[in-house]
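Proteins come first, then strands; the chains are lettered A, B, ... in the order of their sequence lines, and each starts at number 1. Being a predicted model, the structure only gives us computed values, none of them experimental.
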There are 2 protein chains.
Amino acid sequence: MQKEHNLSRNQKIIFDLIDKSGEPMKAYSILFNVQKKGIKAPLQVYRALDKLVEIGKIHKIESRNAFIACQNSSCQISKATAFSICESCENVSEISNSKLSKYLSNFSDDSGMKYSKYNLEFFGLCKKCKSK
Amino acid sequence: MQKEHNLSRNQKIIFDLIDKSGEPMKAYSILFNVQKKGIKAPLQVYRALDKLVEIGKIHKIESRNAFIACQNSSCQISKATAFSICESCENVSEISNSKLSKYLSNFSDDSGMKYSKYNLEFFGLCKKCKSK
DNA sequence: CTTATAAATGTTATATTATTACATAGCGTT
DNA sequence: AACGCTATGTAATAATATAACATTTATAAG
């Protein structure tokens with residue numbers, strides 16, 4: 001079992017927003033959306049985002065500078081993330097494929113590096129966009 | 001064989017700089033370094049970077065907003081990139097592992113997406129930093 | 001060679017993303 | 001209460017990236 005994290009006020013507001021949106025959100029778009037709730041400054045958003053990423057409730061889509069709620073029920077794999085990104089409609093979803101995550105988590109080469117984390121982003125066309 | 005790309009003046013200046021540095025360089029650090037050669041504006045740098053990424057001469061390290069010269073002799077795999085990143089010394093190197101690239105290039109799942117590109121970033125401690 | 005076209009360049013301004021620095025408040029432990 | 005830690009508030013600014021527009025250079029077709 002995972003440790004249950006008690007989110008602080010700002011963290012909760014921001015997590016709920018991202019989670020409900022169901023898609024990647026950018027920091028300043030988040031800021032805009034939570035200003036009515038009293039979160040006024042970028043730093044307040046970035047601090048909450050940092051924490052939420054740290055505890056695995058959200059992930060950053062690096063190629064898009066955006067944040068998406070973790071879609072793996074228990075957020076067990078926040079150090080091993082994989083996403084599929086449609087280059088046409090920009091739809092993003094988290095890939096939960098145990099073979100893939102096993103393969104990558106166990107990956108090692110002769111560089112002498114000890115890998116403790118990875119992030120993988122696949123790009124392509126989603127079903128809908130392919131058929132257009 | 002690959003098409004030989006004739007780099008333009010700015011592209012050449014910027015590629016040479018990145019290539020010689022041997023490590024990831026940030027856009028504004030590049031800008032600073034090429035100002036004496038007449039490249040004065042960020043956009044000039046970003047345009048060259050865009051082109052160099054497009055033709056596979058350099059890659060963007062997304063998690064670092066930095067650019068590194070392709071280390072695979074012929075840049076054949078610019079649509080299939082993998083890097084190892086030391087979280088202590090920030091050393092980055094491109095992973096050339098045919099099993100890995102085959103595995104990922106052939107990856108598919110039941111999402112219906114057609115994957116045409118991927119970028120993978122591994123994080124950990126390099127040999128040197130591990131032993132400190 | 002010249003005309004057309006695409007690619008690259010130059011320049012200014014501005015948009016977007018993210019952090020520094022410093023002060024204050026809340027919360028759990030002893 | 002006193003301490004340590006986490007979170008918050010606020011202002012300023014740094015770092016990363018793009019828009020818009022004018023001009024020049026390279027490439028290819030006639």
Side-chain angles (χ1 to χ4, degrees), chain A residues 3-18 21 23-68 83 85 87 90 92 119 121, chain B residues 2-18 21 23-68 85 87 90 92 119 121:
Chain A
K3 183 175 181 258
E4 184 57 37
H5 285 279
N6 293 314
L7 301 184
S8 72
R9 188 187 117 87
N10 288 1
Q11 287 158 16
K12 200 163 170 28
I13 291 170
I14 288 172
F15 174 71
D16 286 348
L17 176 68
I18 299 173
S21 101
E23 56 185 22
M25 292 192 75
K26 300 191 149 228
Y28 277 70
S29 149
I30 292 168
L31 175 58
F32 178 80
N33 277 277
V34 296
Q35 275 175 331
K36 46 185 172 258
K37 303 216 173 182
I39 296 175
K40 293 171 196 161
L43 188 49
Q44 294 176 289
V45 172
Y46 280 107
R47 281 197 288 225
L49 289 174
D50 284 352
K51 187 69 184 184
L52 291 168
V53 166
E54 185 193 324
I55 65 180
K57 300 284 288 180
I58 64 173
H59 305 301
K60 183 171 188 181
I61 309 301
E62 293 287 357
S63 66
R64 299 299 187 257
N65 296 320
F67 301 84
I68 193 169
F83 302 94
I85 303 172
E87 290 185 299
E90 290 294 324
V92 173
N119 179 54
E121 297 181 3
Chain B
Q2 267 218 326
K3 181 173 183 260
E4 184 57 39
H5 285 278
N6 293 315
L7 301 183
S8 72
R9 187 187 120 86
N10 289 0
Q11 289 158 14
K12 201 162 168 33
I13 290 171
I14 287 173
F15 174 72
D16 286 348
L17 175 68
I18 299 173
S21 101
E23 54 184 23
M25 292 192 76
K26 300 191 148 229
Y28 278 71
S29 150
I30 292 168
L31 176 59
F32 178 80
N33 276 278
V34 297
Q35 274 177 332
K36 47 187 170 261
K37 303 216 173 181
I39 296 176
K40 292 171 195 161
L43 189 48
Q44 293 176 290
V45 173
Y46 281 106
R47 282 197 286 225
L49 289 174
D50 284 352
K51 186 70 186 182
L52 291 168
V53 165
E54 185 193 323
I55 65 180
K57 301 284 288 181
I58 64 173
H59 306 300
K60 183 171 188 181
I61 310 300
E62 293 286 357
S63 65
R64 299 299 186 258
N65 295 321
F67 301 84
I68 193 169
I85 303 172
E87 290 184 297
E90 290 294 324
V92 173
N119 179 55
E121 297 180 5

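- Rounded to a whole Å, the CD1 atom of A:Ile13 is 9 Å from the P atom of D:dG9.
- Between B:Leu7 and B:Ile14 the shortest side-chain heavy-atom distance does not fall below 4.5 Å.
- If you measure from atom CD of A:Glu62 to atom P of D:dT16, you get 14 Å, rounded to the nearest angstrom.
- Neither OP1 nor OP2 of C:dT16 sits under 4.0 Å from any side-chain N or O of A:Asn65.
- At whole-Å resolution of the value, CD1 in B:Ile14 and C1' in C:dA8 are 12 Å apart.
- Between A:Lys60 and C:dA18 there is a side-chain N or O to OP1 or OP2 distance below 4.0 Å.
- Between B:Ser8 and D:dT25 there is no side-chain N or O to OP1 or OP2 distance below 4.0 Å.
- Put simply, CZ on A:Arg9 is 12 Å from C1' on D:dG9, counting in whole angstrom units.
- B:Asn119 has its side chain out of reach of A:Ser63: every pair of non-hydrogen atoms, C-beta onward, lies at least 4.5 Å apart.
- Neither OP1 nor OP2 of D:dA26 sits under 4.0 Å from any side-chain N or O of B:Asn6.
- Residues A:Asp50 and A:Glu54 are not in side-chain contact: their nearest non-hydrogen atoms beyond the backbone lie 4.5 Å or more apart.
- C:dG26 atom C1' lies 13 Å from atom CD of A:Gln11, rounded to whole Å.
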Going through the checks in order, is the side chain to side chain contact (heavy atoms under 4.5 Å, CB included) test met by B:Val34 and B:Gln44?
-> CA-CA 10 Å; B:Val34 297; B:Gln44 293 176 290; over 6 Å; no
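- Heavy-atom distances under 4.0 Å link DNA chain D to A:Lys40, A:Ala41, A:Leu43, A:Gln44, A:Arg47 of residues 29-48 of chain A, given in residue order.
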Side chain to side chain contact (heavy atoms under 4.5 Å, CB included) between B:Ser21 and B:Leu17, intermediate numbers included | CA-CA 6 Å; B:Ser21 101; B:Leu17 175 68; 5.7 Å; no
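- In this model, a side-chain donor or acceptor of B:Tyr28 finds a partner on the base of D:dA17 within 3.5 Å.
- Distance, A:Asp50 CG to C:dT17 C1': 13 Å, rounded to whole Å.
- In this structure, A:Ile30 and A:Leu49 have side chains that are in contact, with non-hydrogen atoms separated by less than 4.5 Å.
- Rounded to whole angstrom, the span from the CG atom of A:Leu7 across to the C1' atom of D:dT8 amounts to 15 Å.
- What separates CG of B:Leu52 from P of C:dA8 is a distance of 10 Å, to the nearest Å.
- Looking at A:Glu121 and A:Arg64, no side-chain N of the basic residue comes within less than 4.0 Å of a carboxylate O on the acidic one, giving no salt bridge.
- Phosphate proximity of C:dT16 to A:Lys26: absent, as no side-chain N or O sits under 4.0 Å from OP1 or OP2.
- At a threshold of 4.0 angstrom between heavy atoms, the contacts of A:Lys12 with the nucleic acid are absent.
- Distances shorter than 4.0 Å separate some side-chain N or O of B:Asn10 from OP1 or OP2 on C:dG10.
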